[in-house]
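Shown next, in structure tokens, is the structure this report addresses.
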Amino acid sequence: MLTFGQKETLTHLLEDGVAKSSHLLAKISHTPWGVMSSSINEIPPVRLLSWFDRETEPHIASRFKAHSDFPLDIVIFFPMSSAEAVTEAFTRPFAEKMRKIPDLVRLTVGEVSNIVAQGAIATLADEFQKAFILSVPQTQQGSKASLLGSALADYDGRTDILMLSHVDLYSEGLSAQCTMVIMANSEALRRLLPI
């Protein structure tokens, strides 16, 4: 378990990193964006699966693995309605050219998730002077619970910690929500964070 102070530090760093991703989203899409994340909460995997199982809307999830001496996975889940809204807002300046691209929603969600995840990781890397290199996103579609179940295949309850944050994205005529789940080695995380 993380202490209250460790959670506060981690929440502050991730909120700052996620917020910074709005600048790159705005630059690419030629539209002002805002991105905000909620506090980070530890949660047991069984409870998280139970919560996710109640959501019936299909989701798109993008999973990233951090390659470093600090094991870390990030999974970002978009409900399909939010995925479609984000795709429309993100690709609006290039809509005519991109209309014919197959699987545009999944590809766009992967790119937007990549920008948000990179923002979060960059802040952690700067703060702790660590090199974090995120993998190319693995993006899948399905029920929220099944997508989480697939991501949890690498989770080890003896050594890992599972954390949850909600992220709001907004732009012109857009308000979308997604869920960010972080899996990290608990001992490595405690070594990084001040008590």
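Just the heavy atoms: all of them, side chains too, but no hydrogens, waters or symmetry mates, feed the values below.
Inspection of the Thr31 and Ser171 side chains reveals no N or O donor paired with an N or O acceptor under 3.5 Å. Side chains of Lys144 and Thr179: a donor on one and an acceptor on the other come within 3.5 Å.
Although no hydrogens or angles enter the test, the distance criterion places a donor-acceptor pair under 3.5 Å between the side chain of Arg106 and the main chain of Thr139. Not one N or O on the side chain of Glu84 forms a donor-acceptor pair closer than 3.5 Å with the backbone of Ser81. With hydrogens and angles ignored, the 3.5 Å screen pairs a side-chain donor or acceptor of Thr123 with a backbone N or O of Gly119. A donor-acceptor pair under 3.5 Å is formed between the side chain of Thr91 and the backbone N or O of Thr87.
Contact record, Asp160 with Asn185: OD1-CA, 3.8 Å, taken as the closest heavy-atom pair. Taking every heavy atom of both residues into account, Ser29 and Ala89 meet most closely at CB-O, 4.2 Å. Listed here is the closest heavy atom pair of Met163 and Ile161: CE-CG2, 4.0 Å. Of all heavy-atom pairs spanning Tyr155 and Met183, the tightest one is CB-SD, 4.0 Å. Pairing each heavy atom of Cys178 with each of Phe77, the nearest pair is CB-O, 3.0 Å.
Residues Leu147 and Phe52 form no side-chain contact, since every pair of their non-hydrogen atoms from C-beta on lies 4.5 Å or further apart. Put simply, the side chain of Ile76 reaches to within 4.5 Å of the side chain of Ile74, judged on heavy atoms. In this structure the side chain of Val181 reaches within 4.5 angstrom of the side chain of Leu48, judged on heavy atoms. With contacts defined as side-chain heavy-atom distances shorter than 4.5 Å, the pair Asp154/Lys65 qualifies. Between Leu169 and Phe78, some side-chain heavy-atom pair lies under the 4.5 Å cut-off. Side-chain contact between Leu14 and Leu124: present, with at least one pair of heavy atoms (C-beta onward) separated by less than 4.5 Å. Side-chain contact between Trp51 and Ile43: present, with at least one pair of heavy atoms (C-beta onward) separated by less than 4.5 Å. No side-chain heavy atom of Glu15 sits under 4.5 Å from any side-chain heavy atom of Met36.
Within the structure, no pair that satisfies the salt bridge (charged side-chain N to carboxylate O under 4.0 Å, His left out) test touches residues 131-143, not counting sequence neighbours. Within the structure, salt bridge (charged side-chain N to carboxylate O under 4.0 Å, His left out) contacts touching residues 2-13 (residues at least two apart or in different chains) are Lys7-Glu42.
In this structure, the separation between CD1 on Ile121 and NZ on Lys130 is 13.0 Å, given to the nearest 0.5 Å. Rounding to the nearest 0.5 Å places CD of Gln177 at 5.0 Å from CG of Asp168.
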